[in-house]
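Let me begin by presenting the structure, written as structure tokens, before commenting on it.
Since we're looking at a predicted model, the values are computed, not measured. Note that ligands are numbered from 1 as they come in the structure, with each ligand's atoms numbered from 1 the same way.
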Amino acid sequence: MIPYGRQHIEQGDIDAVVEVLRSDFLTQGPRVVEFERCVAAYVEATHGVAVNSATSALHIACMALDLGPGDWLWTASNTFLASANCGRYCGASVDFVDIDPLTYNMSVPALAAKLVQAEQQGRLPKVVVPVHFAGQSCDMRGIAELAARYGFKVIEDASHAIGARYLDRPVGNCAYSDITVFSFHPVKIVTTAEGGLCTTRDAGLAQKMELARSHGMTRLPELMEGESEGPWYYQQVSLGYNYRLTELQAALGLHQMQSVDRFVARRHALAERYDQLLAGLPLKRPHQTPDSYSALHLYPVVLDDAGQRHRVFEGMRAAGILVNVHYIPVHLQPYYRRLGSQPGDCPQAEAYYAGTISLPLYYDLGEAQQDHVVAALAALLSAGK
Ligand SMILES: *Cc1c(COP(=O)(O)O)cnc(C)c1O
């Protein structure tokens with residue numbers, strides 16, 4: 001079996017986790033703080049807030065930006081459900097922006113056109129969530145210009161993109177956004193088993209996210225109403241959740257972060273190999289934009305003949321190659337259709353979805369396995385002629 005993605009675990013990762021098990025703290029403690037600092041420093045942001053998943057990270061990011069009922073959150077249709085659901089957790093309405101047919105990221109012209117319409121209708125978004133699909137940054141300069149013009153906030157969903165760069169700086173530095181969110185799920189670049197993290201340059205947003213992560217509870221006198229009643233005292237000053245990361249997870253993440261550049265470099269070597277081996281087959285390979293260094297979370301190809309996708313997908317699975325599809329456009333999900341989305345809303349995302357297959361791509365994928373993937377795909381494509 002060749003999965004489409006999987007974690008890479010070394011002895012140092014195991015030792016780091018075992019060491020925590022023998023220590024005084026099992027959940028949020030010094031290693032979580034160290035992990036937050038490590039990621040924030042790596043991406044050149046000033047604050048990091050670690051939580052138990054990127055889904056939680058997206059939720060507390062929306063909370064910190066005061067998203068609520070009556071507000072709109074927009075995201076790309078070509079994404080995982082969580083990029084949209086965070087808006088619904090806050091009671092906001094959600095709408096979808098179509099994608100660029102080359103990068104499959106949120107299209108800035110489509111966003112601009114939608115904003116013109118929304119302004120006329122008095123329904124401008126409060127928050128826009130661009131998603132760095134497959135690890136390649138969106139056109140953040142274009143999105144930031146629109147944010148300044150129309151007054152919306154930006155959360156980058158960088159779940160695919162730790163280790164990526166945009167205009168020669170790390171994704172996550174928040175030069176063009178308010179908050180960036182990372183995921184450390186095992187199929188992503190770096191893992192904590194489950195885990196997520198928000199970066200920002202805004203101390204006020206970081207403080208709100210810290211409160212939202214842990215019950216809205218504080219022991220800091222400067223955040224309290226009235227006086228502290230003593231050294232035991234805490235206050236709940238807002239509504240929050242238990243979204244804490246454990247020390248075990250933070251220790252794993254800290255050790256993994258030492259290797260993030262090597263992890264991404266290996267993905268690039270494999271992707272370049274795919275590019276060469278797949279040349280000449282009736283499919284479109286992923287496009288790499290010159291202003292971005294992708295983290296290459298995924299290697300999605302788009303078949304020239306989308307009518308072959310079902311058969312090719314099944315054939316690959318039958319050969320033990322666990323290809324996948326990223327993504328079913330979120331605006332086509334029954335839940336969002338009940339809220340008003342419909343087929344035709346995002347034609348580029350729908351056209352891309354019809355023909356796409358994600359090929360296996362992960363650190364431990366071997367060259368021989370990769371040759372096997374390409375041979376199986378080539379055979380299936382030629383059998384369909
Ligand atoms: C994986 C993923 C998420 C959710 O991450 P979790 O850590 O599993 O909650 C959100 N957005 C995108 C684009 C993802 O790929």
Side-chain angles (χ1 to χ4, degrees), residues 3-7 32 35 39 48-63 73-90 94 96-97 99 103-106 127-138 140 154-164 171-172 177 179-199 209 212-213 241-246 249-250 252-253 256-257 267 286 294-300 324-331 333 336 346 349 352-353 356 358 361-362:
Y4 88 90
R6 67 162 283 146
Q7 68 277 12
V32 169
F35 181 54
V39 176
V49 180
V51 286
N52 57 2
S53 71
T55 303
S56 303
L58 286 160
H59 185 191
I60 65 168
C62 289
M63 288 173 70
L73 175 144
W74 291 3
T75 189
S77 181
N78 180 37
T79 187
F80 183 59
L81 309 170
S83 318
N85 289 344
C86 56
R88 299 293 304 141
Y89 298 155
C90 294
V94 171
F96 299 92
V97 182
I99 59 168
T103 61
Y104 320 133
N105 275 331
M106 181 182 283
V127 172
V128 172
V129 184
V131 181
H132 302 318
F133 178 71
Q136 175 163 256
S137 177
C138 297
M140 290 309 300
V154 178
I155 301 171
E156 294 174 69
D157 185 341
S159 292
H160 300 180
I162 189 97
V171 166
S177 65
I179 297 167
T180 303
V181 166
F182 293 102
S183 172
F184 304 115
H185 182 278
V187 297
K188 309 287 165 74
I189 314 289
V190 158
T191 192
T192 59
E194 293 278 2
L197 189 139
C198 298
T199 58
M209 292 193 287
R213 161 178 70 186
Y241 298 83
N242 175 358
Y243 281 169
R244 290 187 301 267
L245 194 70
T246 68
Q249 292 169 299
L252 176 56
Q256 291 253 309
M257 278 302 291
R267 287 170 177 275
S294 176
L296 282 168
H297 166 53
L298 300 171
Y299 191 93
N324 221 319
V325 168
H326 300 94
Y327 286 98
I328 303 161
V330 181
H331 73 281
Q333 293 293 347
Y336 284 102
C346 298
Y352 160 75
Y353 163 62
T356 193
S358 296
L361 183 64
Y362 52 94

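In this structure, F96 and H331 have tilted ring planes: the angle between them lies in the 30° to 60° band. A perpendicular orientation is assigned to the rings of Y352 and F133, their planes being inclined by more than 60° (bins at 30° and 60°).
Using a 4.0 Å heavy-atom cutoff, F182 is absent from the residues neighbouring ligand 1. Look at H297 and you'll find every heavy atom at least 4.0 Å from all atoms of ligand 1. Ligand 1 is approached by S83 to a heavy-atom distance shorter than 4.0 Å. Under a 4.0 Å heavy-atom criterion, G195 is in contact with ligand 1.
Between S183 and ligand 1, at least one N/O pair is under 3.5 Å apart. Checked against a 3.5 angstrom limit, the closest N/O atoms of L58 and ligand 1 fall outside it. Polar contact check, D157 against ligand 1: a nitrogen or oxygen pair lies under 3.5 Å apart. Annotation: E194 places no N or O atom under 3.5 Å from an N or O atom of ligand 1; distance criterion only.
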**Request:** Would you check, one step at a time, whether the test side chain to side chain contact (heavy atoms under 4.5 Å, CB included) holds for E194 with N52?
**Result:** CA-CA 6 Å; E194 293 278 2; N52 57 2; 5.7 Å; no

**Asked** Yes or no on side chain to side chain contact (heavy atoms under 4.5 Å, CB included) for R244 and R213, after CA distance, side-chain angles and deciding distance?
**Response** CA-CA 6 Å; R244 290 187 301 267; R213 161 178 70 186; 4.2 Å; yes

**Message:** The test is ring-ring contact (aromatic ring centres under 6.0 Å, His included); show your working for F184 and F35 and say whether it passes.
**Reply:** CA-CA 12 Å; F184 304 115; F35 181 54; 5.3 Å; yes

**Message:** Show, in sequence, the C-alpha distance, side-chain angles and deciding distance for V51 and H59, and conclude whether the side chain to side chain contact (heavy atoms under 4.5 Å, CB included) test is met.
**Reply:** CA-CA 10 Å; V51 286; H59 185 191; over 6 Å; no

**Prompt:** Where do N324 and L298 land on the side chain to side chain contact (heavy atoms under 4.5 Å, CB included) test, with the steps shown first?
**Reply:** CA-CA 10 Å; N324 221 319; L298 300 171; over 6 Å; no

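Of all atoms in ligand 1, numbered sequentially from 1 with element shown, those under 4.0 Å from a heavy atom of Y327 are 15 (O). Applying the 4.0 Å criterion to heavy atoms of A54 picks out, from ligand 1, the atoms 4 (C), 5 (O), 6 (P), 7 (O), 9 (O). Taking a cut-off of under 4.0 Å to the non-hydrogen atoms of T79, the atoms of ligand 1 that pass are 13 (C).
Only the side chain of S159 comes within contact range of ligand 1, with a heavy atom under 4.0 Å; no backbone atom does. Contacts with ligand 1 closer than 4.0 Å are made by heavy atoms of both the backbone and the side chain of T55.
Under the 4.5 Å side-chain criterion, counting only non-hydrogen atoms from C-beta, N85 is not in contact with T55.
Considering every non-hydrogen atom in both L245 and G195, the closest pair reads CD1-CA, 3.9 Å.
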